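Remarks on the structure that follows.
Quantities reported herein were computed from a predicted structural model and do not represent experimental measurements. Counting starts at 1 for both ligands and their atoms, following the listed order.
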Amino acid sequence: MTDPKEHLIDWLRNAYAMEKQAESMLKAQASRLEHYPMLKGRIEQHLDETLSQQKLLEGCLDRLGSGPSTIKDLTARISAMGQAVGGMMVSDEVVKGGMAGYVFEHFEIASYTALIAAAKSVGDTETQRCCETILPQEVEMARWLLEHMPEVVTAYLERSAAGEEAKR
Ligand SMILES: [Fe+2]
């Protein structure tokens with residue numbers, strides 16, 4: 001038998017690791033993009049949001065008695081998922097990166113949806129409130145990436161056909 005609060009803490013720690021991963025992916029993408037200023041700008045905006053999300057999660061973990069020392073260990077638990085994306089230097093990286101970003105945002109959406117239910121279940125209104133602040137930011141980023149996918153692809157194909165650098 002495990003206390004529901006233990007699961008909540010575990011999932012919060014996973015979410016924190018996920019946001020660390022998001023940070024490194026977004027940083028890598030933003031620093032490499034050159035010819036897609038709108039995409040770069042939106043990624044930089046979400047990077048700021050991601051750093052704020054980390055702070056909110058840190059606050060929740062602190063409050064639940066799972067402080068910075070355990071947070072430190074989390075860097076080791078980061079999944080390989082985003083790493084392949086952040087350092088991607090394939091010939092169509094802007095397109096592949098956009099798709100991978102969209103997938104990652106949905107992983108985040110699922111994670112915060114689960115966390116909100118868990119926080120409700122435990123009666124932790126502060127964690128619930130934090131996750132309800134974060135969730136719409138992930139939904140909006142996913143929506144933006146999907147909405148702008150066609151224009152990124154079109155711009156990529158045009159640059160590529162014209163013999164210009166297209167991949168980033
Ligand atoms: Fe996030």
Side-chain angles (χ1 to χ4, degrees), residues 5-33 36-88 93-122 124-149 152 168:
K5 198 180 142 190
E6 292 302 313
H7 286 299
L8 178 65
I9 291 171
D10 188 43
W11 294 337
L12 275 170
R13 295 174 83 233
N14 290 339
Y16 187 80
M18 174 181 77
E19 294 303 349
K20 283 287 178 190
Q21 186 62 47
E23 177 189 348
S24 61
M25 276 175 60
L26 294 166
K27 267 188 184 153
Q29 289 180 328
S31 72
R32 288 185 54 78
L33 283 172
Y36 304 85
M38 247 187 24
L39 178 61
K40 187 186 174 97
R42 186 62 181 87
I43 287 173
E44 282 168 344
Q45 183 195 328
H46 196 56
L47 178 58
D48 287 344
E49 289 169 345
T50 296
L51 297 176
S52 307
Q53 293 169 359
Q54 289 174 6
K55 291 271 169 267
L56 286 175
L57 293 171
E58 274 172 33
C60 290
L61 284 167
D62 276 348
R63 205 169 25 77
L64 292 163
S66 181
S69 58
T70 43
I71 283 172
K72 254 189 177 172
D73 305 337
L74 286 175
T75 32
R77 288 172 54 185
I78 284 170
S79 78
M81 183 179 172
Q83 252 149 25
V85 178
M88 199 180 269
E93 69 175 69
V94 65
V95 176
K96 292 258 169 53
M99 290 178 188
Y102 182 74
V103 170
F104 196 90
E105 290 307 322
H106 280 82
F107 179 56
E108 293 186 304
I109 289 167
S111 299
Y112 290 111
T113 301
L115 271 169
I116 289 166
K120 266 187 197 165
S121 192
V122 169
D124 183 347
T125 50
E126 183 57 20
T127 296
Q128 184 187 335
R129 191 193 61 78
C130 286
C131 294
E132 283 172 347
T133 302
I134 296 172
L135 179 60
Q137 297 173 346
E138 316 296 19
V139 169
E140 181 51 27
M141 182 60 178
R143 192 200 61 74
W144 192 96
L145 286 171
L146 190 65
E147 185 186 307
H148 291 82
M149 181 67 71
V152 167
R168 63 199 188 101

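E108 has its closest N, O or S atom to the Fe ion (ligand 1) at the position named OE2. When you scan the N, O or S atoms of E138 for the one nearest the Fe ion (ligand 1), you land on OE2.
At a cut-off of 2.8 Å, E19 coordinates the Fe ion (ligand 1) through an N, O or S atom. When distances to the Fe ion (ligand 1) are checked against a cut-off of 2.8 Å, Q53 contributes an N, O or S atom below that limit.
Salt bridge annotation for R63-E126: absent, with no cationic side-chain nitrogen under 4.0 angstrom from a carboxylate oxygen. Between E132 and R129, none of the side-chain N atoms (NZ, or NE/NH1/NH2) sits under 4.0 Å from a carboxylate O, so this pair counts as no salt bridge. Looking at E140 and R143, a side-chain N of the basic residue comes within less than 4.0 Å of a carboxylate O on the acidic one, giving a salt bridge.
Between F107 and F104, the two ring planes are perpendicular [angle over 60°; tilted spans 30° to 60°].
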